[in-house]
Amino acid sequence: MKIDLLSRLSFVCVFFSLLSTFTTAHAVEKHSVVAFLPFTVNASKDMSYLRDGLGEMLASRLSAEAGVVAVDKGTVDAALGTGGKPDPKQLGSLAAKMGADYLFYGSVTSLGGGMSFDARVYSVAAKSSETFYATAAKEGDVMMAIDSLAWGVLEKIFGKKRPGNITVPQTTVADVESAALQTTHPDRTFRATAGFGNSSLLWSEGASQFFKTRNVPLSLEDMAVGDVDGDGVMEVVMADREKVVVYKLNAGRLLEFAQIKLLVRYKIHAVNVADLNGNGKAEIYISAADTAMPGSMGVEWDGKEMVTLFEEARYYIRPVKVPGLGVVLAGQRAGSEGVAIRGPIYILTRDGAQLVGDERLPVPSGVNLFDFSFADLDGDGEWEVVVLDQWNKLLVMKQSGKLLWKSEERYGGTKRFIGGKSAIQMTQQTGARRGATKAVDGSTDVLFEEVYIPSRILVTDVDGDGIDDIIVNANSPTWTSLVRSSEVFQSGTMLGMKWNGVGLQELWRTRKIGGYVVDYDARSYHLPLKDGVEELSVGVVAQGSFGDILTPDESMLLVYPLQFKAQEQ
């Protein structure tokens with residue numbers, strides 16, 4: 001009878017736990033002391049057995065091959081205290097509490113039936129950490145991935161030579177169809193009955209497999225890609241609520257290149273990149289706000305550091321591709337009487353360090369800055385407006401506001417919003433006017449309604465037929481969408497859509513992505529596709545299991561090469 005992965009791993013965890021205890025108790029000579037901390041488990045199902053079990057498996061391997069002595073679990077738990085997660089700024093003092101030479105910690109991320117392992121080893125002597133990474137594309141590769149992770153540490157930290165029969169697990173394009181970790185790839189064969197002509201889209205067998213970066217300790221709020229330093233290579237720009245981090249992408253690792261922090265009163269809700277001044281380097285446009293008004297910022301790399309172009313701008317901002325004008329910086333102001341964003345959307349120009357709203361954008365009334373994209377969906381030279389409304393329904397409209405189509409499904413759902421209650425406001429409303437509350441000092445302050453910002457609507461010609469396609473996401477909430485602030489997104493997917501004459505028809509979708517899909521961006525927006533291959537970068541927050549609900553979020557990037565071709569029926 002076949003034993004499932006959970007049973008096998010649980011048995012191995014218990015066995016190695018006993019072996020690790022035996023090795024620790026019988027160590028008779030001086031060896032390196034390693035504290036194996038509980039791993040953070042990012043998974044939509046209960047995999048809490050890996051929190052301690054993975055450390056125990058790694059401890060037994062390192063004990064057997066390098067003679068390391070593992071700090072007992074009781075000492076580790078006592079030193080970590082409530083929360084059970086190490087503070088990166090206090091690793092030295094934490095190691096001292098346990099008498100350890102090294103700290104071994106990290107995370108496990110489940111994507112479908114596969115896993116990725118992100119580990120860090122902190123050295124007390126070097127006062128620095130080394131990072132290690134391994135993936136298992138399917139259930140049968142998990143033990144091999146853990147063994148490979150252990151040997152990576154043994155080689156780099158303890159100078160042991162990896163045996164010739166121990167290899168780093170590799171995945172190929174052929175694995176994409178069968179491996180659960182890599183089945184988030186678009187399906188190879190797409191629907192032939194889409195109803196938009198005599199062709200269908202097929203996945204090109206010559207394309208490379210998608211890849212996942214190592215996790216970064218960031219609670220992702222938004223992301224974008226672009227050539228920030230002008231070297232012809234894309235950087236990844238990721239933001240949480242307080243800061244923006246620019247990463248270089250190298251061999252599956254996100255390496256920090258620069259960081260931008262805003263004033264503490266402003267929270268980031270959107271980040272974009274665009275080379276609007278034409279100097280070959282993409283500026284970073286950060287839309288941020290307190291609960292009452294925007295305080296947006298623009299920065300640019302000057303060759304040595306990020307310099308400020310403008311800050312505390314009283315517009316929500318976003319670069320928009322406009323018919324006949326190209327990409328422009330667009331902005332919208334805050335509303336009043338409890339409305340966080342309202343009114344005309346302007347094309348913004350810079351007057352020194354100030355932003356000035358000039359011409360209005362031709363968008364239907366009631367559409368906010370972050371809700372739309374222009375697209376020529378039928379190739380007739382006239383642009384439509386594709387909109388995500390506040391109920392996450394996808395709409396296609398004329399610029400006049402005439403509705404052409406509305407989806408039944410929901411797309412683009414996120415947890416980011418503008419508005420809300422400020423820190424000085426009390427929960428009891430006075431009812432004096434809409435949204436009014438009584439502040440701590442007795443004065444009246446305005447409570448702005450929360451307005452949710454959807455993921456971006458990407459417009460790109462994936463199949464090369466000269467007609468715009470739409471790329472959106474669909475997150476699956478675990479709670480009812482009627483309680484927006486309480487939604488938990490445990491999984492999502494990416495979709496490609498095309499106009500079929502009467503509505504947007506789904507052409508392809510990735511298989512389920514474990515985690516909260518925050519946002520995404522395409523390479524064609526920023527760099528020419530010299531190799532003809534579109535790249536879709538997807539920012540994901542890894543969701544922990546129930547036992548890890550209080551631990552900080554980790555984020556990752558998935559990169560899909562969307563190489564399609566048209567095939568005659």
Side-chain angles (χ1 to χ4, degrees), residues 13 16-17 19-41 50-108 116-134 145-162 214-218 245 250-251 253-256 259 548 550-552 554:
C13 288
F16 279 137
S17 177
L19 180 61
S20 176
T21 303
F22 178 84
T23 304
T24 303
H26 290 77
V28 296
E29 56 182 293
K30 175 62 177 176
H31 293 295
S32 296
V33 179
V34 182
F36 293 87
L37 312 185
F39 272 56
T40 299
V41 179
L50 280 175
R51 279 176 52 85
D52 299 306
L54 180 58
E56 291 161 358
M57 285 186 275
L58 292 167
S60 74
R61 171 61 72 188
L62 269 61
S63 295
E65 301 294 341
V68 306
V69 176
V71 177
D72 68 88
K73 185 177 183 301
T75 302
V76 171
D77 291 343
L80 284 175
T82 304
K85 192 173 180 70
D87 182 348
K89 298 179 181 178
Q90 304 295 328
L91 294 179
S93 61
L94 181 61
K97 286 183 181 179
M98 295 182 284
D101 302 307
Y102 297 93
L103 299 181
F104 201 131
Y105 62 102
S107 63
V108 183
S116 68
F117 303 88
D118 295 84
R120 297 176 179 85
V121 179
Y122 174 79
S123 168
V124 173
K127 296 182 179 179
S128 62
S129 297
E130 296 283 352
T131 58
F132 301 89
Y133 181 65
I146 294 173
D147 206 37
S148 176
L149 185 70
W151 273 108
V153 175
L154 287 165
E155 285 182 313
K156 195 164 188 177
I157 302 297
F158 299 104
K160 300 295 180 179
K161 185 176 181 180
R162 187 189 301 248
R214 301 185 184 186
N215 293 6
V216 293
L218 189 77
V245 184
N250 184 11
R253 298 177 62 185
L254 292 169
L255 306 177
E256 186 172 327
Q259 188 174 130
D548 293 326
L550 298 180
T551 62
E554 291 186 325

Quick one: does [X]'s side chain get under 4.5 Å of [Y]'s, heavy atoms only?
X    : Y    : result
K156 : F132 : yes
Y122 : L94  : no
P86  : L103 : no
M98  : V76  : yes
S148 : F117 : no
V216 : V245 : no

Drop me the distance from [X]'s [atom1] to [Y]'s [atom2], to the nearest 0.5 angstrom.
X    : Y    : atom1 : atom2 : answer
E155 : K160 : CD    : NZ    : 12.0 Å
L58  : L154 : CG    : CG    : 9.5 Å
L54  : L149 : CG    : CG    : 7.0 Å
S129 : Y105 : OG    : OH    : 4.0 Å
R253 : T131 : CZ    : OG1   : 3.5 Å
W151 : I146 : CH2   : CD1   : 16.0 Å

- When you measure from the side chain of D118 to the backbone N and O of N215, does any donor-acceptor pair fall under 3.5 Å?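 At least one qualifying donor-acceptor pair exists.
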- Task: Say whether, by atom type as modelled, one donor and one acceptor occur between the side chain of S123 and the main chain of Y102 under 3.5 angstrom.
- Result: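 Flag not set: sc S123 to bb Y102 has no pair under 3.5 Å.
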- Working for side chain to side chain contact (heavy atoms under 4.5 Å, CB included), residues E65 and F158: CA-CA 9 Å; E65 301 294 341; F158 299 104; over 6 Å; no
- Message: Applying side chain to side chain contact (heavy atoms under 4.5 Å, CB included) to F104 and I157, what does each step give before you reach the verdict?
- Response: CA-CA 11 Å; F104 201 131; I157 302 297; over 6 Å; no
- Message: Working note: R61 + D147, criterion side chain to side chain contact (heavy atoms under 4.5 Å, CB included); need CA distance, chi angles, decisive distance, verdict.
- Response: CA-CA 8 Å; R61 171 61 72 188; D147 206 37; 2.9 Å; yes
What's the shortest heavy-atom distance between [X] and [Y], and which atoms?
X    : Y    : result
A134 : A145 : CB-O, 3.6 Å
K97  : A79  : NZ-O, 4.2 Å
V68  : H31  : CA-CB, 4.3 Å

